[in-house]
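Each remark here refers to the structure printed beneath this line.
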Amino acid sequence: MSKILVTGSLGQIGSELVPALQKKVGKDNVVGLDIREPKEDIGPFVNQNTTEREGLKAVLKDNDITQIYHLCSILSAKGELRPWQAWHVNMDSMRNVLALAVDMDIKKIFWPSSIAVFGPTSPRNNTPQKTIIEPTTMYGVTKMAGEGLCNYYFHKYGMDIRSLRYPGLISYKAPPGGGTTDYAVAVFYEALKSKNYSCFVSKDTVLPMMYMDDAIRGTLELMEADKSKLSVKTSYNMSALSFSAEDLTKEIQKHVPDLKVTYEPDERQKIADSWPQVIDDSRARKDWDWKHEFDLPKLTKVMLEKLGEKFAKEKS
Ligand code: AKB
């Protein structure tokens, strides 16, 4: 039986991935790790900073870990405020995970890359799996370096590292923090709270997005896929849908007609403009049969329902 460590387990992805993994392998076989403390019982948990190698080593050893989902990361917008902090957290933690995995014979790892690996010189529409990669954010630079490390560790140590270039992820459980695509989540919160949202990108900004359930299912499917079928050793393009900020507003307004959104682009606009609008994920669809399920109307409906339930619960 696998014993799995999930770093960044209280973050936007981790808080949904941990229960999904627990369902598969049992609650006691998934250990969450974060620098924050959980507010409720989420199963086995350790408070640890992944940039501290000795502490991380002890966690791997004490829990007999055989697989790692290394999620903790500083995202794009926050990374631009303190670029070297982003480099330190994203790269030193990855270096520790990889070095310890070699030492401790942990062969299977998941690590998230992002559409942020691309930059303004990559084709923006139907961005191919293999293309020019010249990111202009520090977060993107860490994704480019990380992808190189995935490939390097595969060739040098035979390590089975699997990775996805996530688009903007839309979810209701844990809010995202510090990303450029966060507006696509924040607008749902304000649709139900104040009915007013000031969006920090222009209304015609189009980015690739995905509902979290698709992202989690895709991640687990990639990890379960037959190794011999995986032709990409850096990170797979993975896509679901692309829409403009205004398309999203209009879809939410079908349910919340009095929602008012203004568009006041700030420094995050430049980041959004450097990323692809539509990603070509045909390699993922061919190699491990990736398919998304949520389109814009479906994800909008579910987000409003689930967030509504969450707010009602918080009030009672
Ligand atoms: C961000 O906006 O930084 C992230 C990402 C696309 O990786 N959501």
Side-chain angles (χ1 to χ4, degrees), residues 7-8 10-17 69-83 85-87 89-91 93-94 110-120 122 124 127 133 135-147 150 163-189 199-202 205-216 218-219 234-245 248 265-279 281 292 294 299 303:
T7 75
L10 301 179
Q12 192 197 9
I13 302 174
S15 50
E16 307 223 14
L17 184 65
Y69 287 70
H70 176 45
L71 305 181
C72 69
S73 170
I74 290 189
L75 299 184
S76 56
K78 199 168 164 201
E80 286 316 287
L81 300 178
R82 298 178 68 186
Q85 172 75 0
W87 176 269
V89 170
N90 297 1
M91 295 320 296
S93 66
M94 187 168 190
F110 175 82
W111 173 78
S113 186
S114 157
I115 54 165
V117 76
F118 299 112
S122 314
R124 282 192 90 193
T127 314
I133 298 229
T136 49
T137 61
M138 183 56 97
Y139 174 64
V141 170
T142 67
K143 292 304 182 194
M144 178 172 77
E147 288 194 11
C150 291
S163 177
L164 294 167
R165 291 173 176 157
Y166 286 129
L169 298 178
I170 300 182
S171 66
Y172 65 90
K173 266 201 183 163
T180 302
T181 58
D182 292 11
Y183 65 89
V185 178
V187 63
F188 282 101
Y189 277 74
C199 181
F200 57 77
V201 296
S202 64
T205 300
V206 175
L207 286 172
M209 299 279 177
M210 184 179 291
Y211 187 57
M212 186 61 87
D213 284 17
D214 274 341
I216 298 295
T219 304
T234 50
S235 185
Y236 276 96
N237 279 8
M238 185 209 208
S239 141
L241 60 157
S242 289
F243 49 78
S244 71
L248 178 58
D266 65 14
E267 66 288 345
R268 288 168 280 191
Q269 182 70 51
K270 197 172 156 215
I271 302 178
D273 288 343
S274 76
W275 289 351
Q277 294 186 317
V278 181
I279 295 277
D281 64 353
H292 71 278
F294 283 78
L299 82 78
M303 277 296 286

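Whatever order the structure lists them in is the order used to number ligands and atoms, beginning at 1.
Between the side chain of Thr137 and the backbone N or O of Gly79, no donor-acceptor pair lies under 3.5 Å.
Contacts of ligand 1 (protein heavy-atom distance under 4.0 Å) are Leu75, Ser76, Ser114, Ile115, Tyr139, Gly179, Thr180, Thr181, Trp275.
Val201 places a side-chain heavy atom less than 4.5 Å from the side chain of Cys199.
For Asp281, the side-chain hydrogen bond (donor to acceptor under 3.5 Å, both in side chains) partners two or more places apart in sequence, or in a different chain, are Arg285, Trp290.
Within the model, atoms CZ of Arg165 and OG of Ser235 stand 5.5 Å from one another, a figure rounded to the nearest 0.5 Å.
Glu80 has no carboxylate O lying under 4.0 Å from a charged side-chain N of Arg268, or vice versa, which leaves the two without a salt bridge.
Judged by distance alone, the side chains of His70 and Ser93 do bring a donor and an acceptor atom under 3.5 Å apart.
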